[in-house]
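Have a look at the structure below, then the notes.
Given the structure is predicted, the values throughout are model-derived calculations rather than measurements.
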Amino acid sequence: MALDELSFLEPIDSYILGNAPLDDVVHRLTHWVTELNPPEPLDESEFPALWVLWSAFNKVAQRVLEKQERLVELLLAIKNLPPVLKPDGERLTCWGGRFWEDLPIFGPNMRESWNFSDPEDTQPDRDQIRKNWIHLNAFVARITDAQVSDFDLYAIWELREALEHPVDSSTDVKVQAAAQWIFFAGPRLYQSEKIFEHEPLVLDPARGGPLFDGERGFTKERWVFWKQRFEALSTDPQLSDDARRVADEALNAMITIDRKFMIQAM
């Protein structure tokens with residue numbers, strides 16, 4: 001069954017615009033799996049349509065920041081669908097992920113999307129590419145906070161890039177992207193103590209950047225450092241007005257989170 005991107009974009013758009021009920025849209029996005037003729041391709045091979053489905057979510061997320069909560073609702077509804085069984089009664093999987101509770105290959109698909117390179121300032125669509133990256137960070141922060149899927153490590157990557165490196169020409173967009181993690185998953189990051197174990201010969205994914213020499217992973221020391229960096233960048237003349245404003249908003253959000261957990265601890 002060949003399904004193109006439009007097959008998924010249309011129902012997703014219908015739902016986020018309030019033009020179609022949730023159950024109907026979930027069915028339109030997922031019915032193809034149960035309608036496949038066994039035994040092919042009901043095996044461990046990749047379902048090409050899955051990749052297209054998750055890419056459609058990412059594309060819409062980059063386009064409509066204000067409707068991302070609806071996208072999260074839609075993903076949760078898919079995640080909560082009943083198990084899909086093969087003819088022999090075994091759970092249907094793809095790359096080890098179970099349909100639909102594991103949102104199979106959603107993670108690998110997102111990882112492939114996580115390859116931002118700031119365009120040259122002469123590139124005509126530079127502003128749109130930057131905006132898409134900021135919006136994608138907001139979306140992934142939302143789905144992490146809602147426990148749809150765990151992308152906590154991505155938060156460290158973005159905050160490290162924006163706050164633990166010296167200012168350069170790409171800091172403007174990186175600060176705005178990193179701030180989305182504070183806006184939409186800040187309390188989760190504040191409470192996290194994940195250190196992200198890694199193999200000895202593998203580059204540490206949760207390492208600090210050149211400006212931060214503290215403990216790896218999520219720590220209160222690192223949280224304080226990020227807050228200080230947002231404060232410094234909020235008045236840095238090298239950044240645009242938008243980037244300084246967003247840095248200040250992130251700083252204030254972090255202060256609010258600090259106060260909330262201080263009160264709870266009293």
Side-chain angles (χ1 to χ4, degrees), residues 3-30 49-81 100 103 105-119 123-152 154-155 157-158 162 172-186 188-189 240-243 245-247 249-250 253:
L3 291 168
D4 59 16
E5 191 175 66
L6 190 60
S7 303
F8 297 125
L9 287 174
E10 286 185 343
I12 292 172
D13 281 334
S14 294
Y15 180 69
I16 66 171
L17 294 174
N19 296 329
L22 179 61
D23 289 347
D24 288 355
V25 173
V26 169
H27 176 74
R28 290 177 64 187
L29 295 176
T30 63
L50 267 181
W51 201 268
V52 181
L53 171 61
W54 304 139
S55 295
F57 268 92
N58 293 347
K59 179 169 285 189
V60 175
Q62 291 178 71
R63 191 177 74 228
V64 287
L65 179 66
E66 68 280 2
K67 299 291 185 180
Q68 286 184 355
E69 287 186 12
R70 301 277 285 179
L71 287 178
V72 175
E73 292 171 3
L74 191 49
L75 278 173
L76 276 171
I78 293 173
K79 186 181 178 74
N80 290 327
L81 285 171
W100 284 94
L103 301 179
I105 72 171
F106 183 73
N109 177 276
M110 186 63 72
R111 181 65 187 90
E112 187 162 291
S113 300
W114 219 256
N115 294 306
F116 177 74
S117 179
D118 195 24
Q123 188 165 327
D125 56 351
R126 185 191 196 209
D127 288 346
Q128 188 59 55
I129 292 173
R130 283 180 154 198
K131 183 180 294 185
N132 289 350
W133 180 241
I134 294 166
H135 289 181
L136 186 61
N137 273 269
F139 177 54
V140 179
R142 288 178 189 270
I143 61 180
T144 299
D145 191 59
Q147 300 181 54
V148 176
S149 196
D150 184 351
F151 291 102
D152 284 332
Y154 287 39
W157 292 348
E158 296 318 305
D172 216 80
V173 62
K174 289 177 179 178
V175 164
Q176 295 178 74
Q180 307 309 308
W181 288 92
I182 304 301
F183 299 151
F184 298 113
R188 177 187 175 95
L189 304 187
S240 68
D241 290 344
D242 284 343
R245 173 183 54 79
V246 171
E249 291 171 357

Distance, nearest 0.5 Å, that separates CG of Leu75 from CG of Asn80:
11.0 Å

Roughly how far, to the nearest 0.5 Å, is CZ of Phe57 from CG of Leu103?
8.5 Å

Which donor-acceptor pairs under 3.5 Å do the side chains of residues 15-22 make with protein atoms, sequence neighbours left out?
residue: Tyr15; atom: OH; partner: Glu73; partner atom: OE1; Å: 2.8

If only side-chain N and O atoms count, and only distance matters, is there a donor-acceptor pair under 3.5 Å linking Gln128 with Asn132?
yes

Is Leu74 close to Leu29 at the side-chain level, that is, under 4.5 Å between some pair of heavy atoms?
yes

By salt bridge (charged side-chain N to carboxylate O under 4.0 Å, His left out) - contacts of Asp241 (at least two apart):
Arg244

Going by atom types only, do Trp54 and Glu112 share a side-chain donor-acceptor pair under 3.5 Å?
no

For Arg63, what residues pass the salt bridge (charged side-chain N to carboxylate O under 4.0 Å, His left out) criterion, not counting sequence neighbours?
Asp13

As an exercise, state the distance from CG of Leu65 to CG of Asn137, rounded to the nearest 0.5 Å.
11.0 Å

Using a 6.0 Å cut-off, check whether atom CD of Gln147 has over 12 heavy atoms from anything other than its own residue.
no

Do you know which two heavy atoms are closest between Ala141 and Ala185, and how far apart they sit?
O-CB, 3.8 Å

Salt bridge or not between Asp242 and Arg245? Use side-chain N to carboxylate O under 4.0 Å.
yes

For Ser55, enumerate each residue passing the side-chain hydrogen bond (donor to acceptor under 3.5 Å, both in side chains) test, keeping only those at least two apart in sequence or located in another chain.
Asn109

4.5 Å side-chain heavy-atom contact, Thr144 and Phe184:
no

Contact summary for Ala49 and Leu3, nearest pair of heavy atoms
CB-CD1, 4.1 Å

Output all residues satisfying side chain to side chain contact (heavy atoms under 4.5 Å, CB included) with Ala253, sequence neighbours left out; order by chain, then residue number.
Ile182, Phe183

Scanning both residues in full, the closest heavy-atom pair of Arg126 with Pro119 reads NE-O, 3.0 Å

Distance (rounded to the nearest 0.5 Å) between Arg28 CZ and Ile12 CD1
10.0 Å

In chain order, what residues pass the ring pair (Phe, Tyr, Trp, His ring centres under 6.0 Å) check against Phe116, with sequence neighbours excluded?
Trp133

Sequence neighbours excluded, the answer for side chain to side chain contact (heavy atoms under 4.5 Å, CB included) partners of Asp125 is Gln123, Ile129

To the nearest 0.5 Å, tell me how far Trp181 CH2 sits from Glu158 CD.
7.5 Å

Heavy-atom nearest pair, Ile134 first then Ala177, reads CG1-N, 4.0 Å

Just so I know, are the side chains of Arg111 and Tyr154 near enough to count as touching, which here means a heavy-atom distance under 4.5 Å?
yes

If you measure from NZ on Lys174 to CZ on Arg130, what distance do you get to the nearest 0.5 Å?
10.0 Å

Compare every heavy atom of Leu81 with every heavy atom of Trp100, then report the nearest pair and how far apart it is.
CD1-CD1, 3.6 Å

State, yes or no, whether a side-chain contact exists between Ile143 and Gln68 at a heavy-atom distance under 4.5 Å.
no

Take atom NZ of Lys79 as the centre, draw a 6.0 Å sphere, and report whether it contains more than 12 heavy atoms from other residues, nucleotides or ligands.
yes

List the residues meeting side-chain hydrogen bond (donor to acceptor under 3.5 Å, both in side chains) with Lys59, not counting sequence neighbours, and say none if there are none.
Glu5

For a quick test of reading the model, state the closest non-hydrogen atom pair linking Asn58 to Ser113 and the distance between them.
ND2-OG, 3.4 Å

Taking side-chain hydrogen bond (donor to acceptor under 3.5 Å, both in side chains) as the definition, give me every residue that meets it alongside Trp157, ordered by chain and number, with sequence neighbours left out.
none

Residues that Asp152 engages under salt bridge (charged side-chain N to carboxylate O under 4.0 Å, His left out), provided they are two or more places apart:
Arg188, Lys194

Which residue pairs pass the salt bridge (charged side-chain N to carboxylate O under 4.0 Å, His left out) test when at least one of the two sits in residues 133-149, sequence neighbours left out?
Glu69-Arg142

Under the salt bridge (charged side-chain N to carboxylate O under 4.0 Å, His left out) rule, collect the residues that match up with Asp172, sequence neighbours excluded.
none

